[in-house]
**Student:** 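The structure's right below; bear with me while I get my questions together.
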Amino acid sequence: YSGIEKIFISIAREVDQVVPKSLGWHRDLLEQMTLDIPSKRPAVINGHLLRELQQYLGFRHRFRNLYGYELEWARMESLVKDLVPIFSEFKNNLETFLDLLPEIQE
């Protein structure tokens, strides 16, 4: 998830020119990527992918802040099993975004 978030930060900085700075900036950034901003950019990800990535963001938060040294398979199992299709969906969403971006910014 951290790699995807870095891509989102780059888009927010370079295209939107606004990177969230609130306490919940990780969540705000993720939601920002679902916005279609007229004359700037299309949505980067769709609502389905937002919901899926929220689970990875939640796990990232728990891992870093609560139990980083005590990984529990039950908490990670569905995330690990869904990783390949979720990443594939992210890649497709990003490719669509990159294809549409030049049309909107003309």
Side-chain angles (χ1 to χ4, degrees):
Y1 181 81
S2 294
I4 289 173
E5 188 173 73
K6 286 179 184 182
I7 292 170
F8 291 161
I9 290 169
S10 292
I11 293 168
R13 183 180 302 121
E14 300 299 321
V15 180
D16 299 358
Q17 298 178 336
V18 176
V19 178
K21 297 193 185 314
S22 63
L23 276 177
W25 74 268
H26 297 277
R27 182 180 53 253
D28 294 343
L29 177 66
L30 182 55
E31 290 173 4
Q32 182 176 329
M33 295 298 109
T34 65
L35 301 176
D36 182 3
I37 305 172
S39 75
K40 273 200 173 188
R41 67 163 176 83
V44 180
I45 60 172
N46 62 36
H48 175 262
L49 189 55
L50 167 70
R51 291 184 294 280
E52 296 296 331
L53 292 177
Q54 284 171 333
Q55 295 179 60
Y56 289 89
L57 174 59
F59 174 77
R60 179 188 166 279
H61 174 76
R62 284 191 303 275
F63 177 79
R64 288 188 169 185
N65 297 302
L66 302 177
Y67 71 94
Y69 62 93
E70 295 179 6
L71 295 177
E72 297 174 24
W73 178 246
R75 290 183 164 197
M76 299 181 341
E77 184 175 12
S78 67
L79 296 174
V80 171
K81 289 181 177 180
D82 292 341
L83 187 60
V84 171
I86 295 302
F87 185 74
S88 179
E89 185 175 352
F90 170 73
K91 183 180 171 197
N92 290 337
N93 277 225
L94 189 60
E95 287 172 351
T96 299
F97 165 76
L98 292 171
D99 288 343
L100 293 173
L101 187 61
E103 295 174 20
I104 290 178
Q105 293 186 330
E106 288 180 348

**Student:** Rounded to the nearest 0.5 Å, what separates atom CD in Q55 from atom CG in L50?
**Tutor:**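 So the gap between those two atoms works out to 10.5 Å.
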
**Student:** If we only count heavy atoms from C-beta on, is the F59 to Y56 side-chain gap below 4.5 Å?
**Tutor:** no

**Student:** Please answer: with hydrophobic residues joined when any side-chain heavy atoms are less than 4.5 Å apart, are V15 and L98 in the same cluster?
**Tutor:**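 Same hydrophobic cluster.
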
**Student:** Drop me the distance from L29's CG to K21's NZ, to the nearest 0.5 angstrom.
**Tutor:** 11.0 Å

**Student:** I'd like to know if I104 and L101 are part of one continuous hydrophobic network [Ile/Leu/Val/Met/Phe/Trp/Tyr, side-chain heavy atoms within less than 4.5 Å].
**Tutor:** no

**Student:** Taking all non-hydrogen atoms of both residues into account, name the closest pair between I45 and N93 and its distance.
**Tutor:**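 Distance-wise, the nearest heavy atoms are CA-OD1, 3.2 Å.
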
**Student:** Working note: K40 + D16, criterion salt bridge (Lys or Arg N to Asp or Glu O under 4.0 Å); need CA distance, chi angles, decisive distance, verdict.
**Tutor:** CA-CA 7 Å; K40 273 200 173 188; D16 299 358; over 6 Å; no

**Student:** Which distance, rounded to the nearest 0.5 Å, do you find between the CD of E89 and the CG of N46?
**Tutor:**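 Separation between the atoms: 5.0 Å.
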
**Student:** Flag the pair F8 / L53 as yes when at least one side-chain heavy-atom distance between them is below 4.5 Å, and no otherwise.
**Tutor:**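 Contact flag for F8/L53 side chains = yes.
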
**Student:** Looking at CZ of R51 and CD1 of I86, how far apart are the two atoms once the value is rounded to the nearest 0.5 Å?
**Tutor:** 10.5 Å

**Student:** Count I, L, V, M, F, W, Y as connected when their side-chain heavy atoms are under 4.5 Å apart, and connections chain through other members. Are M76 and L83 then in the same cluster?
**Tutor:** yes

**Student:** Does R41 reach the side chain of M33, with side-chain heavy atoms less than 4.5 Å apart?
**Tutor:** yes

**Student:** Give a yes or no answer on whether the side chain of S10 reaches the backbone of K6 with a donor-acceptor pair at less than 3.5 Å.
**Tutor:** yes

**Student:** Same hydrophobic cluster for L79 and W73, using side-chain heavy-atom links shorter than 4.5 Å among ILVMFWY?
**Tutor:** yes

**Student:** Just so I know, are the side chains of N92 and L49 near enough to count as touching, which here means a heavy-atom distance under 4.5 Å?
**Tutor:**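 The answer is no; the side chains never approach within 4.5 Å.
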
**Student:** Return the CD to CD distance between E31 and Q54, rounded to the nearest 0.5 Å.
**Tutor:**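 Here the rounded value is 6.0 Å.
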
**Student:** Where is the tightest heavy-atom contact between W25 and E5, given as atom of each residue plus distance?
**Tutor:**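 Closest approach of W25 to E5, heavy atoms only: CH2-OE1, 4.0 Å.
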
**Student:** Are V18 and F97 joined in one hydrophobic group, where the rule is that I, L, V, M, F, W and Y side chains link up if heavy atoms are under 4.5 Å apart?
**Tutor:** no

**Student:** Nearest heavy-atom pair of I9 and V19: which atoms, and what distance?
**Tutor:**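 That would be O-CG2, 4.2 Å.
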
